[in-house]
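Beneath this line is the structure, given in structure tokens, with notes to follow.
Because only heavy atoms are used, hydrogens play no part in the values below, and waters and symmetry mates are left out as well, while side chains stay in. Since this is a predicted model, take the numbers as computed values, not measurements.
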Amino acid sequence: MPDVYYTLITGASEGLGKNFVIECAKRNMHIIAVALPGPELESLKTFVTHNFSVAIEIIAADLSTESGCKEVFDTVQKQELRINMLINNAGVVMTQPFHEMPLENMLLQARLNVLGTTMMTRYFINDLLAHQPSYLLNVSSLSAYFHLPNKQMYGASKAFVYSFTRGLQAEYRGKGISITVLCPGGLSSNIRSVIANNQGGWIARKSITSPEFVAAKAVQACLDGKEVVIPGRINKLFLFLNRLLPSSIKARITTAQMKKLTVKKS
């Protein structure tokens, strides 16, 4: 009997994470879906089971805590599930002036976006080394390339994810693991994000892509061994212009765009 391998996806209950689950199921990948406790996980399992011929396991855990990350690892080990793909998608974004942001919101972004991604990678890197060919996909953001007012914690945390992943690529190059960092622009992944995106300026609105499109592009890129994925031609153009424009002009543009946004979580 051939070995059965699983793709572990965090933040899987909605938005981009849910689309990662569906995209992987379309590719006949068995799935471990991880997200906060709630009915969405059970609904996702039912949907996948009824529509695809793949196995799906669900684990409810808070990945902003060390105990939550370890709980996921211990559950996978106890069930003797083999992981050959890890998608670190879980994250949170909050848009708010720094002096008004509650301390718990700052800490949540740091713990989930930075420490959660780091801990999950550390817990499962040996599984990826043991079950080759294997794949690691970390979700950063286009914000990692910019200095955005009112989005300082999020941008910094995603810049960490980008730099962390690039370092891993250098460290594990030629060792059988395809490591990819995804840097999407805005996503219309739920009603909150649709409302917030519509309130943004012209640049913000033009950067919006669908989670279905991003998930498909990212998974294929990771399987193809690409190191960095920036979905959407307009987002690639923004990044190109960012390298050309003087800092003073970029600062005026980003400040004007961010003033149009309200506080948002996703």
Side-chain angles (χ1 to χ4, degrees), residues 8-17 20 33-38 59-74 86-125 136-171 179-187 189-190 192-193 196 204 211 214 218 228-230 254-255 257-258 261-266:
L8 193 157
I9 302 169
T10 69
S13 60
E14 66 173 6
L16 181 59
F20 274 132
V34 179
L36 289 169
I59 303 175
D62 182 357
L63 300 185
S64 68
T65 67
E66 183 178 357
S67 60
C69 294
K70 189 173 188 305
E71 178 185 350
V72 173
F73 178 72
D74 289 344
L86 170 62
I87 301 179
N88 280 316
N89 166 73
V92 61
V93 52
M94 299 176 188
T95 305
Q96 195 170 7
F98 186 74
H99 66 279
E100 296 178 3
M101 185 177 293
L103 181 60
E104 58 266 27
N105 290 1
M106 298 179 190
L107 293 176
L108 177 59
Q109 290 180 92
R111 287 170 178 160
L112 183 57
N113 299 0
V114 175
L115 296 179
T117 297
T118 304
M119 286 188 290
M120 289 296 289
T121 303
R122 177 61 185 90
Y123 274 126
F124 288 100
I125 191 69
L136 171 62
L137 175 59
N138 286 337
V139 178
S140 178
S141 168
L142 203 62
S143 298
Y145 293 93
F146 298 89
H147 305 143
L148 301 178
N150 299 333
K151 218 168 185 178
Q152 64 303 110
M153 285 295 298
Y154 179 72
S157 68
K158 289 302 185 178
F160 171 86
V161 173
Y162 177 85
S163 182
F164 171 62
T165 309
R166 297 292 275 168
L168 291 175
Q169 290 167 353
E171 185 173 347
I179 301 177
T180 302
V181 60
L182 168 65
C183 301
L187 294 171
S189 53
N190 53 44
R192 291 169 297 171
S193 62
V214 172
V228 181
V229 187
I230 301 174
T254 55
T255 298
Q257 294 296 308
M258 293 307 296
L261 295 178
T262 56
V263 177
K264 173 171 71 77
K265 291 183 182 180
S266 69

Measure the spacing between CE of Met94 and CE of Met153 and express it to the nearest 0.5 Å.
-> 10.0 Å
Smallest heavy-atom separation, Pro97 atom then Gln152 atom, equals C-NE2, 4.4 Å
Can you list the residues that meet the side chain to side chain contact (heavy atoms under 4.5 Å, CB included) rule with Thr65, with sequence neighbours excluded?
-> Asp62, Ser67
Determine the minimum heavy-atom distance between Ser140 and Pro184, stating which atoms define it.
-> O-CD, 3.6 Å
Residues forming a ring pair (Phe, Tyr, Trp, His ring centres under 6.0 Å) with Phe73, sequence neighbours excluded = Tyr123, Phe124
Point-to-point distance, once rounded to the nearest 0.5 Å, from CD of Glu100 to CG of Asn105 = 12.0 Å
Kindly determine whether Val72 and Leu8 satisfy side chain to side chain contact (heavy atoms under 4.5 Å, CB included), including the steps that lead there.
-> CA-CA 10 Å; Val72 173; Leu8 193 157; 4.0 Å; yes
For Arg166, enumerate each residue passing the side chain to side chain contact (heavy atoms under 4.5 Å, CB included) test, keeping only those at least two apart in sequence or located in another chain.
-> Tyr162, Gln169, Val181, Glu227, Val228
Interatomic spacing from CG in Leu63 to SG in Cys69 - rounded to 0.5 Å = 4.5 Å
In a check of side-chain contact (heavy atoms from CB on, under 4.5 Å) between Leu182 and each of Leu16, Ile230, Asn89, which one passes?
-> Leu16
Starting at CZ of Arg111, measure out to CD of Glu66 and round the result to the nearest 0.5 Å.
-> 11.5 Å
Please name all residues satisfying side chain to side chain contact (heavy atoms under 4.5 Å, CB included) with Thr117, sequence neighbours left out, ordered by chain then number.
-> Asn88, Thr121, Asn138, Val161, Phe164
Could you tell me which residues satisfy side chain to side chain contact (heavy atoms under 4.5 Å, CB included) with Ser157, sequence neighbours excluded, listed by chain and number?
-> Asn113, Val114, Tyr154
Pairwise distance CG(Leu112) to CE(Met119) - rounded to 0.5 angstrom | 9.0 Å
Residue list, side-chain hydrogen bond (donor to acceptor under 3.5 Å, both in side chains) with Thr10, at least two apart or on another chain = none
Atom pair CD1/CD1 of Ile87 and Ile9 - distance to nearest 0.5 Å = 4.5 Å
